[in-house]
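Heads up, the thing below is written out as structure tokens.
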Amino acid sequence: MSAPVRFALLGASGRMGQAVMDAVVGQDGIQVTAALVRPGSASFGKVTHGLTYTCDIAQALAQADVLVDFSLPESTAQALEACLKASKPLVTGVTGMDEALKARLAQAGKRIPVLAAPNMSLGVALLLRMVEQAATVLGQDFDIEVSEAHHRHKKDAPSGTALALAEAMARARGSVPVVPGTDRRGIREPGSIGFSVVRAGDIVGEHTVLFAGTGERLELSHRAQSRATFAHGALRAARWIAGKPAGLYKLSDTL
Ligand SMILES: NC(=O)c1ccc[n+]([C@@H]2O[C@H](COP(=O)([O-])OP(=O)(O)OC[C@H]3O[C@@H](n4cnc5c(N)ncnc54)[C@H](OP(=O)(O)O)[C@@H]3O)[C@@H](O)[C@H]2O)c1
């Protein structure tokens with residue numbers, strides 16, 4: 001039997017971090033070896049799932065095969081540097097990254113394996129493929145609206161998943177205007193891709209892509225019922241990426 005894949009978890013005290021810690025319990029072939037938080041975090045030094053929260057990424061990577069990141073964009077750059085130094089793969093589920101950080105991930109993919117997925121659910125990986133096909137077939141006569149709903153604590157909007165869906169459809173259709181904000185005053189540009197956002201309660205994550213033509217509408221929806229869905233996707237990604245060559249990967253590459 002091969003040795004389990006060991007991973008260090010950045011953002012371990014957060015909502016997603018805790019879901020990953022829960023999901024790994026009782027799993028064969030994968031093991032969490034470090035619970036990392038922000039320097040100065042209220043969790044520092046406390047114990048979770050038998051591990052003490054620490055903040056030394058380099059030290060954690062010395063005993064891990066992969067770094068899994070569910071922190072926030074400001075620490076993802078630091079996580080990436082640590083992975084490059086240690087020549088270890090990075091799996092990041094962080095959203096709200098700016099273009100500079102995305103470019104750094106792409107650059108790092110030339111030296112180490114990097115898997116970045118704004119949504120770690122398999123259903124969304126499939127939805128990304130489905131919306132591409134729908135956008136291509138339905139063409140410019142259909143307006144596209146990406147609606148998403150998340151819990152009241154989510155910081156970025158539109159969600160990383162909504163942006164990834166829009167980008168996939170824009171690529172599939174050629175040059176399509178993507179309306180980046182959610183302020184929708186004025187008439188709609190024909191064939192454009194817009195966003196609608198809800199932030200409320202404890203909604204885990206819902207995405208609907210509406211294709212609205214004349215006289216007909218097509219809607220494709222995904223609803224995550226619990227964070228365990230994303231956590232299991234991240235474990236799948238961590239298992240998959242260990243030992244892979246350098247590259248910038250997506251969750252759908254693991255399907
Ligand atoms: N890809 C997906 O499927 C998916 C699904 C859900 C959420 N997300 C994304 O995952 C990220 C985390 O979401 P969440 O809801 O778990 O957020 P959260 O509850 O706010 O947790 C954020 C975590 O990051 C840590 N952190 C913040 N700054 C840090 C730093 N500079 N260095 C190290 N750790 C730092 C926090 O530690 P302390 O507060 O203890 O300091 C906390 O553990 C967000 O970007 C979210 O959009 C992705």
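Indexing begins at 1, ligand by ligand and atom by atom, following the structure's order.
- Across all non-hydrogen atoms, the minimal contact from A135 to I144 is CB-CD1, 4.3 Å.
- Atom 3 (O) of ligand 1 has its closest protein heavy atom at M120 N, 2.7 Å.
- When heavy-atom distances to ligand 1 are checked against a 4.0 Å cut-off, L10 comes that close only through its side chain, counted from C-beta outward.
- The V94 neighbourhood of ligand 1 comprises atoms 45 (O), with distances under 4.0 Å to a heavy atom of that residue.
- Exactly one residue among L36, L90, L115, V91 makes a side chain to side chain contact (heavy atoms under 4.5 Å, CB included) with V68. That residue is V91.
- V24 has its side chain within reach of I30: a pair of non-hydrogen atoms, C-beta onward, lies under 4.5 Å apart.
- Of all atoms in ligand 1, listed by their number and element, those nearer than 4.0 Å to a heavy atom of T95 are 45 (O), 46 (C), 47 (O).
- Between the choices E74, R15, M16, the shortest heavy-atom distance to atom 6 (C) of ligand 1 belongs to M16.
- The closest protein non-hydrogen atom to atom 44 (C) of ligand 1 is S71 O, 3.7 Å.
- Some N or O of A117 is nearer than 3.5 Å to an N or O of ligand 1, by distance alone.
- Heavy-atom distances between P118 and ligand 1 reach below 4.0 Å in at least one pair.
- For atom 21 (O) of ligand 1, the nearest protein heavy atom (residue, atom name, distance) is G14 CA, 3.2 Å.
- Within the 4.0 Å heavy-atom criterion, neither part of A42 lies near ligand 1.
- The minimum heavy-atom distance between A149 and R199, with the atom names listed, is C-NH1, 4.2 Å.
- Residue-level proximity to ligand 1 for K155 is absent, since no heavy atom of it falls below 4.0 angstrom.
- Side-chain contact between D65 and K88 is absent, with no heavy-atom pair separated by less than 4.5 Å.
- Remark: minimum distance from atom 5 (C) of ligand 1 to any protein heavy atom is reached at F230 CD1, 3.5 Å.
- Using modelled atom types, one finds a donor on one side chain and an acceptor on the other under 3.5 Å when comparing R239 with Q27.
- Summary of contacts: the protein heavy atom closest to atom 39 (O) of ligand 1 is R38 NH2, 3.9 Å.
- Nearest to atom 30 (C) of ligand 1 by heavy atom, out of P73, A237, S75, is S75.
- A donor-acceptor pair shorter than 3.5 Å cannot be found between the side chains of T54 and D56.
- The shortest non-hydrogen separation linking A79 to L67 is CB-CD2, 3.6 Å.
- If you check which protein heavy atom lies closest to atom 10 (O) of ligand 1, you get F70 CD2, 3.6 Å.
- Residues N119 and H222 bring no donor and acceptor atom of their side chains to less than 3.5 Å of each other.
- Considering only non-hydrogen atoms, atom 9 (C) of ligand 1 lies nearest to G93 out of C55, S41, G93.
- Considering all non-hydrogen atoms of both residues, E132 and A168 come closest at CG-O, 3.5 Å.
- Closest to atom 27 (C) of ligand 1 among all protein heavy atoms lies L72 CD1, 3.8 Å.
- In the model, H207 has a side-chain atom that pairs as donor or acceptor with a side-chain atom of S159 under 3.5 Å.
- Nearest approach of M120 to F230, heavy atoms of both residues: CB-O, 3.3 Å.
- In this structure, K154 is part of the shell of residues with a heavy atom less than 4.0 angstrom from ligand 1.
- Checked by distance only, ligand 1 and G11 come closer than 3.5 Å through their nitrogen or oxygen atoms.
- What sits closest to atom 42 (C) of ligand 1 on the protein, heavy atoms only, is S13 OG, 3.5 Å.
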